[in-house]
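Reminder, nothing fancy here: chain letters follow the sequence lines and each chain counts from 1. Small disclaimer: the values here were computed from a predicted structure and weren't measured.
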2 protein chains.
Amino acid sequence: MSPKPDVSEERKEQITEAATKVFAEQGFDKARMDDIATEANLSKGTLYLYFKSKDAIIKHLLDKLFEREFADLQSLTDDPRPASEKLITFSETMITEMQTWTRLIPIMYEFLGRLFRQSVVQKAFKKYMRFYLDLITPVIQQGIDEGEFKAGNAEDVAITIGAIFEGTILLWVYDSEMIDLEKHLSSGMKLLMDGLKA
Amino acid sequence: MSPKPDVSEERKEQITEAATKVFAEQGFDKARMDDIATEANLSKGTLYLYFKSKDAIIKHLLDKLFEREFADLQSLTDDPRPASEKLITFSETMITEMQTWTRLIPIMYEFLGRLFRQSVVQKAFKKYMRFYLDLITPVIQQGIDEGEFKAGNAEDVAITIGAIFEGTILLWVYDSEMIDLEKHLSSGMKLLMDGLKA
DNA sequence: TCCTTATAACTGACCAGTCAGTCAGTTGTT
DNA sequence: AACAACTGACTGACTGGTCAGTTATAAGGA
C-alpha cells in the first residue's frame with residue numbers, strides 16, 4: 001500500500017480545467033506554463049509530473065473535445081425511422097451538444113489553426129471526419145433508396161452537410177453578433193434538405 | 001533627387017513573397033525573421049527597413065489576400081441576368097479565384113485561428129463578411145422577388161452559402177485527400193440551389 | 001498515542017535555448 | 001563627398017523544461 005492516495009487523476013483534471021481557462025483567455029501562444037500552474041493552484045514543476053510538455057496538455061484537451069462529440073451520436077445507426085427524420089434528429093443533437101461547450105469552440109478552432117501542420121492533429125481530424133461520414137452517408141443512401149431523396153452521390157451530400165456545420169460555426173466564431181448559431185444551423189440544414197427531397 | 005532609385009516597393013514585394021513561402025512551409029510561429037531574410041536574399045536588418053515588425057509583415061499579407069478576393073466579385077452588382085445565373089457565376093468565380101491561391105489558404109486559416117482574439121483581425125473578418133453579404137443577399141432577394149426562388153429570409157440563405165464555402169474549404173484544409181475542393185464546392189452549391197428553387 | 005521512516009507530492013530557482021529587434025559599421029552609386 | 005542601402009553580430013526579454021531540496025502523510029513499531 002502506498003503511503004498516500006493516488007491523486008494523479010484528480011490533478012490531471014485540475015490542470016486540464018485550469019489550462020482550458022487560461023488558453024481560452026490568452027490563446028495557446030501567450031499562455032505560459034506558469035499561468036496554468038497559478039490558475040491550478042500548483043507549481044510549474046507539478047505540471048510536469050502529470051504532463052510531459054505543454055503540447056501534451058493541448059493534445060489532452062483536444063482528445064477530450066473529440067471524444068465528447070462522438071459520444072452522443074452513435075445511437076443514430078440503429079434508428080429505424082425514415083432518413084429525413086434521422087437527419088433532423090442528427091441536426092438537433094449536434095446543435096444541443098454544441099450549446100453545452102460553446103465556450104470551448106473558439107479554442108478548438110485556434111487549436112486546429114495552429115496545429116494543422118502536425119500529423120497527429122491531421123490524423124485526429126481525419127478520424128473524426130471518417131466517423132461522421134460513416135454515420136451520415138448511410139442515412140442519405142437510405143433516403144435515396146427509399147425514394148425519399150433524389151438520386152445522387154450520398155457521400156457528397158454528407159460532406160455538404162458537414163461543411164454547413166463547420167462553416168456556420170466558423171462564421172459564428174468570428175462574428176457572433178451576425179450569426180445566431182442555433183438559428184443559422186437550423187435554417188442551413190432545412191435549406192439543404194429541401195434540395196434533397198425527391 | 002536621391003542618388004539612387006527608390007527600391008522600397010520592390011523590396012516590400014520581395015519580402016512579402018519570401019514571407020509567404022516561409023510561412024506556408026513553417027507556420028507563423030516557427031518561421032524566423034532570419035528565415036524570411038535568407039529566402040528573400042536579404043539580411044534581417046533590411047527587413048526592418050521595410051516592415052516595422054514581424055506582425056506588420058503578417059498583416060500586410062492578410063490585407064493582400066482579402067483585397068484579392070474582393071476584387072473579382074464587384075462586377076456582380078450591376079449584372080442584369082436572373083438570380084440563379086448570377087449565383088452560378090459567383091460560385092464559379094470563387095472557385096477559379098481560389099485555385100490561383102490554393103497554396104495560401106492554409107496560411108489564411110492558420111492566421112485566422114491564431115489571431116481571432118485580436119480585434120484588428122475580427123474587424124477585417126467582419127468587413128469581409130459584410131462585403132460578401134451585401135453582394136449576395138440582394139441577388140437572393142432578387143430571385144425571391146422574381147419568383148425564381150421560394151420565399152424566405154434572403155440573408156439567411158446568403159449565410160448558408162457562405163457557410164458551405166467556408167466549411168468546404170476548412171474540411172479540405174484538414175483532409176485534402178477526402179475533399180476535392182472544386183468538386184465539392186460545386187456539388188454543395190448545386191444542392192443548395194435545388195433547395196432554393198420555387 | 002506518539003515517534004520514526006519511507007516515499008509520494010510538491011516547489012520554485014535556475015538553466016539553456018530562442019529569437020525579435022537594434023545599431024555601429026560597410027558598401028556602392030552618383 | 002554625401003547619402004541611401006544594406007549587413008549581421010549582438011542584446012535583452014522571454015519561457016519551456018529540470019531538478020535538488022522540502023513538505024505532508026500513511027504505515028508500522030514502541
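- With ring centers used as reference points, F90(A) lies under 6.0 Å from F165(A).
- In the displayed structure, K127(B) atom NZ is contacted under 6.0 Å by at most 12 heavy atoms of other residues, nucleotides or ligands.
- In this entry the distance linking CG of L49(B) with C1' of dG21(C) reads 12 Å, nearest Å.
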Would you list the protein and nucleotides 12-19 of chain D atom pairs, both N or O, that sit under 3.5 Å from each other?
residue : atom : partner : partner atom : Å
dG16(D) : OP1  : K54(A)  : NZ           : 3.2
dG16(D) : OP2  : M33(A)  : N            : 2.9
dG16(D) : N7   : K44(A)  : NZ           : 3.1
dG17(D) : OP2  : Y48(A)  : OH           : 3.0
dG17(D) : OP2  : K54(A)  : N            : 2.9
dG17(D) : N7   : K44(A)  : NZ           : 2.9
dG17(D) : O6   : K44(A)  : NZ           : 2.5

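- T96(B) and T93(B) share no donor-acceptor pair across their side chains, judged by distance under 3.5 Å alone.
- Among the heavy atoms of the strands, none lies under 4.0 Å from F51(A).
- Note: NZ (K12(B)) to P (dA5(D)) measures 13 Å, nearest angstrom.
- Using a 4.0 Å cut-off, no side-chain N or O of Y50(A) falls inside it from OP1 or OP2 of dA9(C).
- Taking the side chain of R11(A) as heavy atoms from C-beta on, and the options dT7(D), dA9(C), dA5(D), the nearest nucleotide is dA9(C).
- Contact annotation: the side chain of K126(A) never approaches that of M178(B) to less than 4.5 Å [non-hydrogen atoms, C-beta and beyond].
- Judged by distance alone, the side chain of Y132(B) and the main-chain N or O of A158(B) form a donor-acceptor pair under 3.5 Å.
- No side-chain heavy atom of L47(A) sits less than 4.5 Å from a side-chain heavy atom of F51(A).
- One can place CG of L42(B) at 21 Å from P of dT26(C), the figure rounded to the nearest angstrom.
- The residue L47(B) sits apart from the nucleic acid: no heavy atom pair falls under 4.0 Å.
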